[in-house]
There are 2 protein chains.
Amino acid sequence: MNSVICTVDVVLLTLKNNALHVALIKRDREPFAGTLALPGGFVHAEEDRDDLDAASRILRDKAGISSPYLEQLGTFAGAARDPRGWSASIAHYALVPEAVIVKALSPAVQLVPVDGLKGLPFDHQLIVETAVTRVRSKSTYSSLPAHLAGEQFTIPQLQKIYELLMGEPINKVSFYRKMTELAMIEEVPDAFETTRGKPAQLYRLKKEFRSVLSMTDRALNAGK
Amino acid sequence: MNSVICTVDVVLLTLKNNALHVALIKRDREPFAGTLALPGGFVHAEEDRDDLDAASRILRDKAGISSPYLEQLGTFAGAARDPRGWSASIAHYALVPEAVIVKALSPAVQLVPVDGLKGLPFDHQLIVETAVTRVRSKSTYSSLPAHLAGEQFTIPQLQKIYELLMGEPINKVSFYRKMTELAMIEEVPDAFETTRGKPAQLYRLKKEFRSVLSMTDRALNAGK
DNA sequence: CAAATAGTGTCTATAAGACATTATTGG
DNA sequence: CCAATAATGTCTTATAGACACTATTTG
């Protein structure tokens with residue numbers, strides 16, 4: 001009756017060279033051995049309390065990432081997606097700053113730009129596209145993109161991240177207003193970053209938003 | 001390795017007596033035989049092409065509902081939710097007008113108000129709450145609630161549905177504007193409904209939105 | 001004709017965007 | 001002092017809400 005193959009996959013996203021990248025791993029087993037694919041695997045019934053737990057474990061073991069922003073994306077199931085038979089993949093997505101990934105990444109993992117991705121096994125292409133769409137649409141209304149920034153960041157840096165995700169410029173004044181409205185970041189006392197011009201105040205995500213989102217009703221639209 | 005129990009459950013929602021109701025069925029098997037629970041079941045690997053297909057079949061066979069608005073909600077998985085062991089339920093939600101459900105419903109099915117629901121087996125309480133929250137939050141931005149209206153409806157009737165879902169009154173002018181903006185409904189030529197006062201124009205969902213949503217960026221907020 | 005409900009016109013309030021201005025650094 | 005960037009002030013524009021008014025029915 002229950003011949004369903006049940007796995008957990010993770011779409012690990014980060015920003016690198018001003019573009020969204022996904023972490024892929026060379027599969028060491030059939031089917032599709034040797035192909036780049038999403039990190040994933042079977043549930044360990046004795047070890048994983050739930051699917052988020054399994055996704056965490058996979059990220060830890062396969063990519064060396066320990067406490068990313070992690071959320072369930074949805075389940076991709078059906079008869080056609082896996083040559084072994086009817087299967088269900090509980091897909092998740094994770095966001096981490098590039099710094100974290102650079103430090104932790106095992107050599108087997110590759111970061112690939114999400115735009116123009118192709119040749120993925122199973123329906124991993126669809127899963128990645130769904131994750132990217134989800135992240136983009138949530139970005140408009142929430143603090144989600146902040147999880148792609150490092151531990152400390154300036155508001156202009158954060159705005160750049162939002163702009164990269166949404167693919168269009170944001171009005172600077174509106175962005176400052178939005179950051180105040182979401183109330184998710186706090187100044188790091190006496191910490192500034194200077195590159196060229198006036199030094200920028202450094203901020204960090206408030207503790208209570210490290211793994212939760214701050215939402216707003218109002219969209220952050222395009223502007224100059 | 002893969003001892004995971006994989007099932008599909010459906011949260012079938014409708015409006016009845018001005019309140020959101022969920023369809024529950026008395027379970028005929030262990031565990032929890034005799035208890036009211038969400039309609040659900042195992043995937044039929046030979047019959048169901050994917051999880052939506054399985055959800056459709058379950059609705060058809062258990063509730064006699066044939067083409068509702070149906071969407072995946074998410075997967076509820078873990079070691080603790082089912083006494084038989086580690087399990088994953090791919091949950092879906094469906095919206096139908098009350099008229100459809102009244103005509104189709106088998107006697108084994110009961111409609112229960114979603115507010116104050118309790119005593120459900122497994123984590124079905126959580127699944128229902130998640131579905132209701134999802135429907136409510138999507139309602140603000142989309143044509144979703146129209147799937148709870150009958151085939152033909154007046155704008156004031158539709159507004160009432162939105163108000164019931166969101167739990168607060170909506171500004172009448174804003175609502176008319178929003179309906180125009182979403183562009184998902186069309187007048188039924190020369191069809192009006194009269195109860196008391198000026199007859200109201202009847203509308204229907206445009207064909208292209210029968211199973212898809214029309215979204216807007218702007219929220220529909222409370223008003224008089 | 002009064003009451004009720006549908007539908008619209010229009011003013012006001014609010015929030016977002018444009019743009020200018022000030023602030024503060026390095027060269 | 002100039003160029004560059006951060007941060008903020010403020011005017012304009014767009015959109016939502018309030019409210020009144022017209023339209024059309026029933027009793």
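Bear in mind that the values here come from a model prediction, so they are computed numbers and not experimental data. We name chains A, B, ... by the order of the sequence lines, and we start the count at 1 in each one.
- Comparing Glu181(A) and Thr195(A), the nucleotide of DNA chain C nearest to each residue sits closer to the 5' end for Glu181(A).
- Atom P of nucleotide dG7(C) and atom CD1 of Ile170(B) are separated by 16 Å, given to the nearest angstrom.
- One N or O donor and one acceptor, one from the side chain of Asn171(A) and one from the base of dA18(C), sit under 3.5 Å apart.
- Rounded to whole Å, the distance from CZ on Arg177(A) to C1' on dC11(D) is 12 Å.
- Side chain to side chain, Glu98(A) and Thr14(A) fail the donor-acceptor criterion of an N or O pair below 3.5 Å.
- Dashed line: the shortest gap from a side-chain N or O of Thr194(B) to OP1 or OP2 of dT25(D) is not under 4.0 Å.
- Rounding to whole angstrom units, CD of residue Glu193(B) and P of dT5(C) are separated by 13 Å.
- Looking at the side chain of Ile155(B), the nearest of the listed nucleotides dA16(D), dG7(C), dA6(D) is dG7(C).
- Arg218(A) comes within 4.0 angstrom of sugar-phosphate atoms only, judged by non-hydrogen atoms across all strands, and of no base.
- Considering only the side chain of Lys198(B), dA23(D) comes nearest among dA23(D), dT5(D), dG17(C).
- Atom CZ in Phe153(B) sits about 12 Å away from atom P in dG7(C), given to the nearest Å.
- In this structure, a donor-acceptor pair under 3.5 Å is present between the side chains of Gln157(B) and Glu193(B).
- A salt bridge links Glu71(A) and Lys138(A); the closest N-O separation between the charged side-chain nitrogens and carboxylate oxygens is under 4.0 Å.
- With dA7(D), dA18(D), dT5(C) as the choices, the nucleotide that has an atom nearest any side-chain atom of Val173(B) turns out to be dA18(D).
- Taking only side-chain atoms of Pro199(A), from C-beta outward, the nucleotide of dT8(C), dT24(C), dT10(C) with the closest atom is dT24(C).
- Spacing between atom CD of Glu187(A) and atom C1' of dA6(D) amounts to 13 Å, rounded to whole angstrom units.
- The Tyr176(A) side chain lies nearest to dA6(D) when the options are dT10(D), dG7(C), dA6(D).
- A side-chain donor-acceptor contact under 3.5 Å links Asp51(A) and His92(A).
- Computed from coordinates, the Gln201(B) CD to dA23(D) P distance equals 18 Å when rounded to whole Å.
- dA16(C) atom P lies 8 Å from atom NZ of Lys178(A), rounded to whole Å.
- Between the side chain of Lys172(A) and the base of dA7(D), a donor-acceptor pair under 3.5 Å is found.
- Minimum atom distance to the side chain of Arg196(A) is reached by dA3(D), of the listed dA3(D), dA7(D), dT24(C).
- A salt bridge does not link Arg204(A) to Glu151(A): none of the charged nitrogens lies less than 4.0 Å from a carboxylate oxygen.
- For Met179(B) and dA6(C), the CE to P distance is 15 Å, given to the nearest whole Å.
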